[in-house]
Amino acid sequence: MAGKRRAHLGRRRFIRLAGGTAAGAAVVGGGTFSAVAAGAFDKPTPDPFAGIPRSVALSLPDVDGQPPLPPLPDPLEGGTATAPSPTRRLPRAEGSPDPAAVEADIPNALPFEFNKDGYGIATDIPEYMRPWRDRPTRWENVSPSTGAYRLDADGVYLYFPGGGTTGYDHPVGQIQFGLGCITSYRTEQDPERKALFLQRAKTQADRLIEKRVEARGAWYFPYAFDFSHAVHTGIDYKAPWYSGMAQGEALSLFVQLSELEGITEEERNLYRAAADGAFASLLRADDADPWVVNKDGSGYLWIQEYPFADPGTGDYTYNGMVFAMFGLWDYYRATGNDLAAQLYDGSCTTMARYFPLLRNQRWFSYYCQTHRIPAPTYHQHHINLWRQLHWQTGNPAFAHQMDILLDDCPAPYVQPGAVIAFAAGTHTLYKLDTNANGTWSSAKADKQLAIKKVRFSRATQAPADMRRRIQGRGIYYRISAGAYTGWWVGEYYPKAFLRGEYLTTVYHPQRTLTFPAGKDVTCFRFGTDGAVGSTRTVRFAKPSNAPFDRRAIVNGRPMCKITAGALTGYWVWAGDVLTDGR
């Protein structure tokens, strides 16, 4: 009886705090939250939602909280491309390749011994998780005719420096355009569009084969222009030059083309041979030219997006290496080649080992190991690439590292119509020096311009147009309408939080979370479509495991969704549990 009385009093206290007066209603014109859910907490503990209605804290609006995937990075960003000397001869192979001879030339040994930690290749992953499936070429972009990257009269995707009139072969650009066309070909239903997507992909592959350089028993795909970078010293090339990123990505293009039903057997054999020739280049060490693969001083394998002039030196670029690894995944899946599996294992071992050097705690991750420059335009790519490494290996280590990158600096995105929930009480707002749209500026550095405290006597709301890491601070929201338009408030659950599920990551396979022994942990089942959810507080005498298949920012906190047992469908705050023992 006493327990029931305490629970009843707790609910009455909650209703009183959530009601308040109308003093806080002027934050925006959208009104306030006032509905209160019936029901008691699992046991009579202090109300965690004091000042905020349960109808807000335990429900999710119907919004899509996934940010759009950023455009593929331009490998030439920040560099200078110039025409090669007219007297310089650009080598190329003559005639059509003999598939049988190419296959016979594939090396039967690794280029050198390197560190391997036993990372496997998971080939049975769902279609949408496979390399490049997230990068379709949109129909409106299948025939680009303006800008720095556009088609020539033959449909070849060329690079026109400065948007000029002279175009050059850019292998990574051609490969990525072709892979996007393959992805669209797979899903396109219109026969004419489907045929054009396939033709575009074949044209890029055929140009790479036509311009190939056969050297050291392998195929290399040359860049036909000079290129230098003032900041990334060591990148200073005279055409022709080569990139491990292109060599690895070419594997994906040729393998994926060879598997389509719309090509002839002759084309299938040609693309398989091209894949073999490209794969051979990843089995050639840095003891002769050209080379794109080396071992560092600690015994770790690198596929160099930007190999330098001296053997064993390069930019040690993270994103370019992972994109190249996708080609190894594709090649192994298609051929079962053990050397490809070992190269992939060694590459994963390198990425896992050097993750602490890629990471830049609570800010943008670094672009490369050599220069260690924070890379705002690449950080979201690192998150996506690490997510795909988790899928491709099934190893939770990459999922854990991806979680870290996402928490360090999440995508600065909210769904249109997003709402910040404010609990009753005092809140601190900030004016920050940013770009006009709220994004970070290196020159402004999020400098604090003003500060004010506001008090709401009842729970209220405000629309938001951005959620992001503020330099040197935590995660903040920008208010987008009302009396406090342009002011920022820190994410502080349950006092101020963005309503909804954002930045969801699906894990494959599922991961394992562990409830600590002897600690109360509150789990949440959120309502949707206006329904109010519930909580459940659990305590285990010994550490207890549960599987989870996704992680997201849910009502302002990173949370994991349990998929089995008595807590199926419940979310738990990531800070209350261990994930995969971490």
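Nothing here was measured: the structure is a model prediction, and the numbers come from that model.
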Ser365 and Leu405, any side-chain heavy atoms less than 4.5 Å apart | yes
Find out whether Trp488 and Thr434 are in side-chain contact, i.e. whether some heavy atom of one side chain is under 4.5 Å from a heavy atom of the other.
-> yes
Could you check Asn384 against Gln380 for side chain to side chain donor-acceptor pair (under 3.5 Å), going step by step and ending with a plain yes or no?
-> CA-CA 6 Å; Asn384 188 51; Gln380 301 308 320; over 6 Å; no
When rounded to the nearest 0.5 angstrom, what is the spacing between SG in Cys409 and CD1 in Ile404?
-> 14.5 Å
Polar side chain donor-acceptor pair, Thr537 to Asp520, under 3.5 angstrom | no
How about Arg138: does its CZ atom have over 12 heavy atoms from other parts shown lying under 6.0 Å from it?
-> no
Check side-chain contact (heavy atoms from CB on, under 4.5 Å) between Ala552 and all other residues, then give those that pass, not counting sequence neighbours.
-> Glu501, Thr504, Val554, Trp571
What residues form a side-chain contact (heavy atoms from CB on, under 4.5 Å) with Val489, not counting sequence neighbours?
-> Ile420, Phe422, Leu429, Tyr477, Ala496
Worked check of side-chain contact (heavy atoms from CB on, under 4.5 Å) between Gln401 and Met351 = CA-CA 10 Å; Gln401 292 174 347; Met351 290 295 97; over 6 Å; no
Salt bridge present between Asp403 and Arg511 (N-O < 4.0 angstrom) = yes
Quick one: does Asn435's side chain have a donor or acceptor within less than 3.5 Å of a partner on Trp440's backbone?
-> yes
When the ring planes of Tyr507 and His390 are compared, do they come out parallel, tilted or perpendicular, using 30° and 60° as the limits?
-> perpendicular
Could you check if a side-chain atom of Leu567 sits within less than 4.5 angstrom of a side-chain atom of Arg536, using non-hydrogen atoms only?
-> yes
Sidechain-backbone polar pair: Arg362 side chain, Asp408 backbone, donor-acceptor under 3.5 Å = no
Aromatic centroids of Tyr300 and Tyr354 separated by under 6.0 Å | yes
Do other residues, nucleotides or ligands put more than 12 heavy atoms under 6.0 Å from Asp62 CG?
-> no
Anything under 30° is parallel, anything over 60° is perpendicular, the rest tilted; go ahead and classify Phe524 against Phe526.
-> parallel
Considering non-hydrogen atoms only, spot the tightest contact between Met321 and Leu301 and give its length.
-> CE-O, 3.4 Å
Ignoring hydrogens and angles, tell me if any N or O in the side chain of Arg130 forms a donor-acceptor pair with the backbone of Thr123 under 3.5 Å.
-> yes
Is the NZ or CZ atom of Arg133 both under 6.0 Å from the centre of the six-membered ring of Tyr128 and within 45° of that ring's axis?
-> no
Sub-3.5 Å donor-acceptor pair from the side chain of Asp345 to the main-chain atoms of Gly118, do we have one?
-> yes
Got Met325 and Gln392 here, is their nearest side-chain heavy-atom distance under 4.5 Å?
-> no
Are Arg478 and Val414 close enough that some pair of their side-chain heavy atoms sits under 4.5 Å apart?
-> no
What is the minimum heavy-atom distance between Pro73 and Phe323, and which atoms define it?
-> CG-CE1, 4.5 Å
At their closest point, which heavy atom of Met245 faces which heavy atom of Asn319, and how far apart are they?
-> CE-OD1, 4.1 Å
Residues in ring-ring contact (aromatic ring centres under 6.0 Å, His included) with Tyr476, at least two apart?
-> Tyr430
Residue Lys447 excluded, over 12 heavy atoms near NZ under 6.0 Å = no
Is the backbone N or O of Asp446 less than 3.5 Å from a side-chain atom of Gln448, with the two atoms forming a donor-acceptor pair by type?
-> no
Below 4.5 Å, heavy atoms only, C-beta onward: do Leu328 and Ile121 meet side chain to side chain?
-> no
So how far is it from Phe114 CZ to Leu343 CG, rounded to the nearest 0.5 Å?
-> 5.0 Å
For Tyr502, does the OH atom have more than 12 heavy-atom neighbours from other residues, nucleotides or ligands under 6.0 Å away?
-> yes
Phe398 and Tyr119: aromatic ring centres closer than 6.0 Å?
-> yes
Heavy-atom nearest pair, Cys560 first then Ala574, reads SG-CB, 4.3 Å
To the nearest 0.5 Å, what is the distance between CZ (Arg467) and CD (Gln415)?
-> 14.5 Å
Rounded to the nearest 0.5 Å, what's the gap from OG1 on Thr428 to CH2 on Trp487? Could you check?
-> 10.5 Å
Go through the steps to decide whether Asp576 and Arg557 satisfy the test salt bridge (Lys or Arg N to Asp or Glu O under 4.0 Å), and finish with yes or no.
-> CA-CA 11 Å; Asp576 272 342; Arg557 291 198 298 176; 5.4 Å; no
Please assess Arg499 against Ser59 for the test side chain to side chain donor-acceptor pair (under 3.5 Å), listing each intermediate value before the final yes or no.
-> CA-CA 8 Å; Arg499 296 196 63 213; Ser59 67; 2.6 Å; yes
Is there a donor-acceptor pair under 3.5 Å between the side chain of Ser184 and the backbone N or O of Thr137?
-> yes
Donor-acceptor contact below 3.5 Å, side chain Asp117 vs main chain Thr349 = no
Heavy-atom side-chain contact between Leu498 and Ile553 under 4.5 Å | no
Within a strict 4.5 Å, meaning less than it, do heavy atoms of the Thr514 and Asn545 side chains meet?
-> yes
Backbone N/O of Tyr366 and side chain of Asn360: donor-acceptor pair under 3.5 Å | no
Over all heavy atoms of both residues, which pair between His400 and Thr579 is shortest? Give the atoms and the distance, please.
-> ND1-OG1, 4.3 Å
Heavy-atom closest contact (Trp391 atom, Val506 atom, distance) | NE1-O, 2.9 Å
Centroid-centroid distance, Tyr493 to Trp573, less than 6.0 Å | no
Backbone N or O of Trp363 within a donor-acceptor pair of the Arg469 side chain at under 3.5 Å?
-> no
Side chain Thr350, main chain Gly346, donor-acceptor under 3.5 Å = yes
Measure up the Trp132 and Phe326 rings against each other and bin them: parallel (under 30°), tilted (30 to 60°), perpendicular (over 60°).
-> perpendicular
Worked check of side-chain contact (heavy atoms from CB on, under 4.5 Å) between Leu357 and Tyr318 | CA-CA 10 Å; Leu357 293 183; Tyr318 301 110; 3.6 Å; yes
